[in-house]
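Below is one structure, written out as structure tokens; comments come after it.
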Amino acid sequence: MKRTAKLSKADKELIAAATAAIKERYRYDWQEVGAALRTRSGRIFTGINLDAYLGRMAVCAEAVALGRAFVDLGDDGIETIVAVRHPDPEEKNQAVAVVSPCGACRELIFDYDRKARVIVPNGKSAQVVPIAELLPNKYRRGPER
Ligand SMILES: [Zn+2]
């Protein structure tokens, strides 16, 4: 894959799926991020973040989407994944927009598909980057291979 790639029609579909998921389930301070992933066999799964009163119990939207994919298909890899954030009510004139995966999600995505493509913000637009590029010098148990 090129270092960065423009969005394909399929990438835009994924952003639309993530956007639809969070628009449907947005709740102030509880659900504000949506995610969508396409598995290697081409199925799309969506997720929303699960915030929690105890912060350490919070789960990111990407993990929820991955869990849904796993329940249905088992390990089918992640061809492409994206997360989007819904604006809060006081953020007038803001639209749902692509956000970068957090550090923990970068680890998770890499663990489940080290060739995953990730849609990330690029100014007001978005672009595609390989997960490995978002996680240089990743932690490994044991010696380098
Ligand atoms: Zn995350």
Side-chain angles (χ1 to χ4, degrees), residues 1-8 10-91 94-142 144:
M1 186 188 344
K2 266 177 30 186
R3 189 174 172 280
T4 59
K6 287 202 166 155
L7 300 183
S8 67
D11 294 333
K12 290 175 185 167
E13 271 175 27
L14 217 50
I15 294 171
T19 300
I22 196 55
K23 278 189 168 176
E24 177 77 19
R25 299 294 176 211
Y26 173 80
R27 284 197 305 161
Y28 178 74
D29 224 21
W30 285 94
Q31 276 74 48
E32 65 175 13
V33 177
L37 67 83
R38 178 177 287 104
T39 67
R40 291 283 165 194
S41 64
R43 294 259 315 267
I44 292 177
F45 291 88
T46 59
I48 55 169
N49 75 299
L50 303 175
D51 208 345
Y53 190 78
L54 281 176
R56 68 192 168 119
M57 297 307 297
V59 180
C60 289
E62 295 96 318
V64 171
L66 182 62
R68 292 180 78 191
F70 248 76
V71 169
D72 275 20
L73 302 178
D75 189 359
D76 194 32
I78 302 168
E79 193 262 334
T80 306
I81 188 165
V82 66
V84 299
R85 180 182 171 273
H86 191 293
D88 289 333
E90 68 269 16
E91 296 174 297
Q94 295 290 312
V96 174
V98 171
V99 290
S100 284
C102 75
C105 283
R106 292 174 192 212
E107 292 274 348
L108 183 72
I109 294 163
F110 190 101
D111 287 345
Y112 282 86
D113 196 322
R114 58 184 52 205
K115 298 233 184 311
R117 303 164 74 247
V118 185
I119 301 171
V120 295
N122 180 22
K124 294 199 176 203
S125 180
Q127 65 183 2
V128 180
V129 297
I131 185 61
E133 187 173 303
L134 297 177
L135 204 59
N137 215 359
K138 180 185 176 347
Y139 168 77
R140 294 184 203 288
R141 296 181 203 134
E144 293 289 327

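Nothing here was measured: the structure is a model prediction, and the numbers come from that model. Here, residue 1 is the first one in the sequence, and each next residue gets the next number. Both ligands and their constituent atoms are indexed starting at 1 by order of listing.
For a distance threshold of 2.8 Å, the protein N, O or S atoms nearer than that to the Zn ion (ligand 1), listed by chain and number, are C60 SG, C102 SG, C105 SG.
Applying the side-chain contact (heavy atoms from CB on, under 4.5 Å) test to V96 and every residue at least two apart in sequence or in another chain returns T19, I22, K23, V84, H86, P87. Applying the ring pair (Phe, Tyr, Trp, His ring centres under 6.0 Å) criterion to F110, with sequence neighbours excluded, gives no partner residue.
With T39 as reference, D76 is the one residue of D76, D113, T80 to meet the side chain to side chain donor-acceptor pair (under 3.5 Å) rule.
Side chain of R117 to backbone of D11: no donor-acceptor contact under 3.5 angstrom is found.
Counting heavy atoms from C-beta outward, V98 and V82 have side chains that approach closer than 4.5 Å.
Under the side chain to side chain donor-acceptor pair (under 3.5 Å) criterion, the residue pairs touching residues 61-74 are R43-D72, T46-R68, with sequence neighbours excluded.
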